[in-house]
Amino acid sequence: MKIQRLDRLLSGTGRWSRREVKLLVRQGRVLADGAPAPSPEAKYDPEAVTLTVDGETILWRENTWVMMNKPAGVLSATEDGKGKTVLDLLPAELQKLELFPVGRLDKDTEGLLLLTDDGQTAHQLLSPKYHVDKVYYARVNGCLEESDCRAFTAGMTLADGLVCRPAGLEILSAGLESECMVTVQEGKFHQVKRMLAMRGKPVTYLKRVSMGKLPLDAALGVGDFRYLIEKELNVLRNSMAGIS
Ligand code: URA
């Protein structure tokens with residue numbers, strides 16, 4: 001990794017602006033290998049130096065990963081002429097990092113949305129080739145039955161001829177309205193809604209609860225986000241078949 005200016009390194013985490021880094025350095029709150037950093041322009045090899053801010057060790061990473069609990073009413077796109085996107089929910093410092101959502105959730109779908117600038121891993125998480133489960137909680141109109149589960153397991157063909165890979169359907173409650181968990185390894189347009197609609201059970205509420213072995217942080221309020229920690233990134237990577 002290339003040697004970089006301290007202000008670039010720290011603002012690259014998305015946590016501080018360059019101006020804030022300048023102030024932190026001036027206040028002696030940034031230590032490089034235990035000694036106060038002399039200036040924001042000082043250059044370091046991010047893989048060799050230990051940087052701390054107010055005593056917290058800053059883990060340098062090539063890429064940024066953010067977990068968001070997406071609210072309904074917001075588009076999971078990077079830009080949209082008409083409406084609010086998930087990027088609008090991020091602070092200015094993170095907006096500068098050119099993050100993009102890892103797969104799309106519909107405007108009215110809530111739940112786990114990852115944002116990153118790591119194109120390769122994002123692609124792998126979405127590709128059916130790597131068998132990463134995406135699990136959704138759904139409420140539907142109508143009474144779910146075992147025959148619906150069998151249809152999901154067999155792999156459904158949708159009204160327009162689209163063939164879906166085998167998927168999972170676990171019934172949580174069944175009645176005039178039912179609740180279920182749906183597991184898919186692909187992300188075709190409106191897939192979960194279309195699969196359930198095909199069984200005559202239209203979705204009234206949809207929330208993604210996990211991607212691979214990474215669950216949505218239950219402490220994350222709707223519309224909130226936080227950085228993924230190293231352990232979670234490893235969990236994500238370990239969710240991909242054939243990648244170690
Ligand atoms: N399937 C859907 O139908 N909608 C989503 O937002 C995600 C998966």
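Predicted, not measured: the structure shown is a model, and the values here were computed from it. FYI, the numbering just counts along the sequence from 1.
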### Task
For R208 and L112, indicate whether the former's side chain and the latter's backbone hold a donor-acceptor pair under 3.5 Å.
yes
### Task
With sequence neighbours left out, write down each residue that passes salt bridge (Lys or Arg N to Asp or Glu O under 4.0 Å) with D7, or none if nothing qualifies.
R5
### Query
Given the rule that I, L, V, M, F, W and Y join up when any side-chain heavy atoms are under 4.5 Å apart, are M67 and V132 in one cluster?
yes
#### Entry: Pairs touching residues 209-223 that satisfy side-chain hydrogen bond (donor to acceptor under 3.5 Å, both in side chains), sequence neighbours left out
D217-R226
#### Entry: Where at least one partner belongs to residues 156-165, residue pairs that pass side-chain hydrogen bond (donor to acceptor under 3.5 Å, both in side chains), sequence neighbours excluded
D160-R194
### Query
So with a 6.0 Å cut-off around CD of Q27, is the heavy-atom count from everything else above 12?
yes
### Task
Please collect all salt bridge (Lys or Arg N to Asp or Glu O under 4.0 Å) contacts where either partner lies in residues 149-158, sequence neighbours excluded, each pair once.
none
### All side-chain contact (heavy atoms from CB on, under 4.5 Å) counterparts of E98, not counting sequence neighbours
none
### Query
Any chance the side chains of D224 and N69 put a donor and an acceptor closer than 3.5 Å?
no
### Task
Share the residues that join I229 in a hydrophobic cluster, the rule being Ile, Leu, Val, Met, Phe, Trp or Tyr side chains under 4.5 Å apart at the heavy-atom level.
none
### Message
Does any part of the side chain of V66, heavy atoms only, come nearer than 4.5 Å to the side chain of L113, both counted from C-beta?
### Response
no
### Query
Which residues pass the side chain to side chain donor-acceptor pair (under 3.5 Å) test with K70, sequence neighbours left out?
none
### Query
Could you walk me through whether C164 and M195 pass the side chain to side chain contact (heavy atoms under 4.5 Å, CB included) check?
CA-CA 9 Å; C164 300; M195 288 171 86; 4.1 Å; yes
### Query
Applying salt bridge (Lys or Arg N to Asp or Glu O under 4.0 Å), which residue pairs with at least one partner in residues 123-137 are found, sequence neighbours left out?
none
### Task
With sequence neighbours excluded, tell me which residues meet side chain to side chain donor-acceptor pair (under 3.5 Å) with K193.
D106, D108
### Task
Can you sort out the partners of R199 under salt bridge (Lys or Arg N to Asp or Glu O under 4.0 Å), two or more places apart, ordered by chain and number?
D148
### Message
List the residues meeting salt bridge (Lys or Arg N to Asp or Glu O under 4.0 Å) with K188, not counting sequence neighbours, and say none if there are none.
### Response
E186
### Query
Taking all atoms of both residues into account, what is the closest heavy-atom pair of K84 and L89, and its distance?
CE-CD2, 3.8 Å
Please tabulate, for the side chains in residues 174-182, all donor-acceptor contacts under 3.5 angstrom to protein atoms that are two or more places apart in sequence or on a different chain.
unit_1 : atom_1 : unit_2 : atom_2 : d
S178   : OG     : G142   : O      : 2.5
S178   : OG     : L144   : N      : 3.1
S178   : OG     : G175   : N      : 3.4
E179   : OE1    : S173   : OG     : 2.9
E179   : OE2    : Y137   : OH     : 2.4

